[in-house]
Number of protein chains: 2
Amino acid sequence: MSSLSSAELRIPVVTAAAVREFARGGYHGTTIADVAAAARISPAYVFKLFPGKERLFVAALEDCFQQIVETLTIAAEEATGSGPDGILDAMGGAYAQLISDRSLLMLQVHAQSVADVPEIGQALRAGLASVVRLAKARSGASDEAVQRFIAYGQLCHLIVTTGVDDVTDDWAVLVARGIRHPA
Amino acid sequence: MSSLSSAELRIPVVTAAAVREFARGGYHGTTIADVAAAARISPAYVFKLFPGKERLFVAALEDCFQQIVETLTIAAEEATGSGPDGILDAMGGAYAQLISDRSLLMLQVHAQSVADVPEIGQALRAGLASVVRLAKARSGASDEAVQRFIAYGQLCHLIVTTGVDDVTDDWAVLVARGIRHPA
DNA sequence: CTGATCAGTGAGTGACCAATCACTCTATTG
DNA sequence: CAATAGAGTGATTGGTCACTCACTGATCAG
């Protein structure tokens, strides 16, 4: 069994830094230097670990969805026996908690905005596919309920990105009511 | 009554070009030169009409929401007497038709991605506020129904940005079912 | 005609950034 | 002790872009 080289060990560290930095600035608004600084390596070395900015972003996005899938899986297992809607509800709660630091949420929003880059769109669809299939399979809920689960997740993204949860006007309260949002 | 100067007449033309171009490339992915070329003026002249890129983007976003509000208003008026849910449904249909060229939809998605720029976030909240208030006031539907209207609108954005409507897998069909999407 | 105002542009400038390359340093191996 | 391979970086490069400035040409009042 070959042990991991030091470079291979750094890849997940850089990926995690990329998740944070791309979540902050988006694809075009984040530089390789930003990610390198967050990972405490030189910008040049980032290009030895990843072939380019695009692949680095894709790696971050894949990491993001992997965390989501893991979290939802655990939540579904813990809610076994609550019935389909109960399981979906538990998944929603776990998701709300997971994205409380906003990184995983913002990265998805930024990814949507550059989904016309083929590799990024593909990664986004793959991530969405895994989440939808997971929600359907683990909850056993109806297609309509799963679709609603996704729709209200997107509503949650809107609320967070626009900062609606800091507004107390009537319309804002209406939009955010009952949505579990970051503390 | 003073007639509009030729510069004032150009502003809406440039704004319309900005909507199209920013919708294509997003805030960071679109240059002033792109917008200028689409409006058939020189890049330098854009800066005589708008103080900077940020304000130009905000103007485009405001124009986007104004079109949405107008469209929804007309749809609501035409559906008078269909009951709250019928009016909301008519508004949803009108919205689906309006965004069939994707510009108004993509611009909103890109705006979400740069909503941490204060002026853009503010414009986004203002636009969202006007849409929510309009939907509530004209339909008279419950808060829950209006919230669902917004949530499924966001789901529609997700479907279009990720190109899910071109995928025929089970999960994709589930997500997009019943959502009126661009032709 | 004169001069002033406005529309509109070409040619920059300074800053920034993705990607590359040549290089150093360290550790291991024979 | 060489020799080699991998880790890691500094310096650079070629290109892009927001924004500026000095300028031209047109229009029009007096």
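Here is the naming used below: chain letters follow the sequence lines, and residue numbers restart at 1 for every chain.
Each of D:dC21, C:dA7, D:dT9 was ranked by its minimum atom distance to the side chain of B:Ala44; first place goes to D:dC21. Among the nucleotides C:dA19, C:dT9, D:dA18, the one closest to the side chain of B:Lys48 is C:dT9. Residue A:Ser6 has its side chain nearest to D:dA7 when only C:dT9, D:dA7, C:dT20 are considered. Listed nucleotides D:dT9, C:dT9, D:dA7 differ in distance to B:Ile41; the shortest reach to its side chain belongs to C:dT9. Side chain of B:Lys53, nearest nucleotide from D:dA7, C:dA18, D:dC19: D:dC19.
Separating the CZ atom of A:Arg10 from the C1' atom of D:dG6 is a distance of 13 Å, rounded to the nearest angstrom. In this entry the distance linking CD1 of B:Ile11 with C1' of C:dA7 reads 13 Å, nearest Å. The interatomic distance linking B:Phe57 (CZ) with D:dA18 (C1') rounds to 16 Å, in whole Å. Nucleotide D:dA18 holds its C1' atom 11 Å from the CZ atom of B:Phe22, rounded to whole Å. Following rounding to the nearest Å, B:His28 (NE2) and D:dT16 (C1') show an atom-to-atom distance of 15 Å. Atom pair B:Leu9:CG and C:dC6:P shows a separation of 15 Å (rounding to whole Å applied). Look at OH on B:Tyr45: it is 17 Å from C1' on D:dA22, rounded to the nearest Å. Computed from coordinates, the B:Phe47 CZ to C:dG12 C1' distance equals 14 Å when rounded to whole Å.
Side-chain atoms of B:Gln112 do not come within 3.5 Å of backbone N or O of A:Val109 as any donor-acceptor pair. Remark: the backbone N or O of B:Leu158 is paired with a side-chain donor or acceptor of B:Thr161 at under 3.5 angstrom. Of the possible donor and acceptor atoms, none in the side chain of B:Arg20 sits under 3.5 Å from a partner among the backbone N and O of B:Ser103.
The shortest distance between the side-chain N/O atoms of A:Arg40 and the OP1/OP2 oxygens of D:dG8 is not below 4.0 Å. Contact between the side-chain N/O atoms of B:Ser42 and the OP1/OP2 oxygens of C:dA11 is not found at any separation under 4.0 Å.
Side-chain contact between B:Gln154 and A:His157 is absent, with no heavy atoms from C-beta onward closer than 4.5 Å.
The residue among A:Thr31 and A:Pro51 whose nearest nucleotide of DNA chain C lies closer to the 5′ end is A:Thr31.
The residues A:Glu77 and A:Arg138 are annotated as salt-bridged, a charged nitrogen and a carboxylate oxygen being separated by less than 4.0 angstrom.
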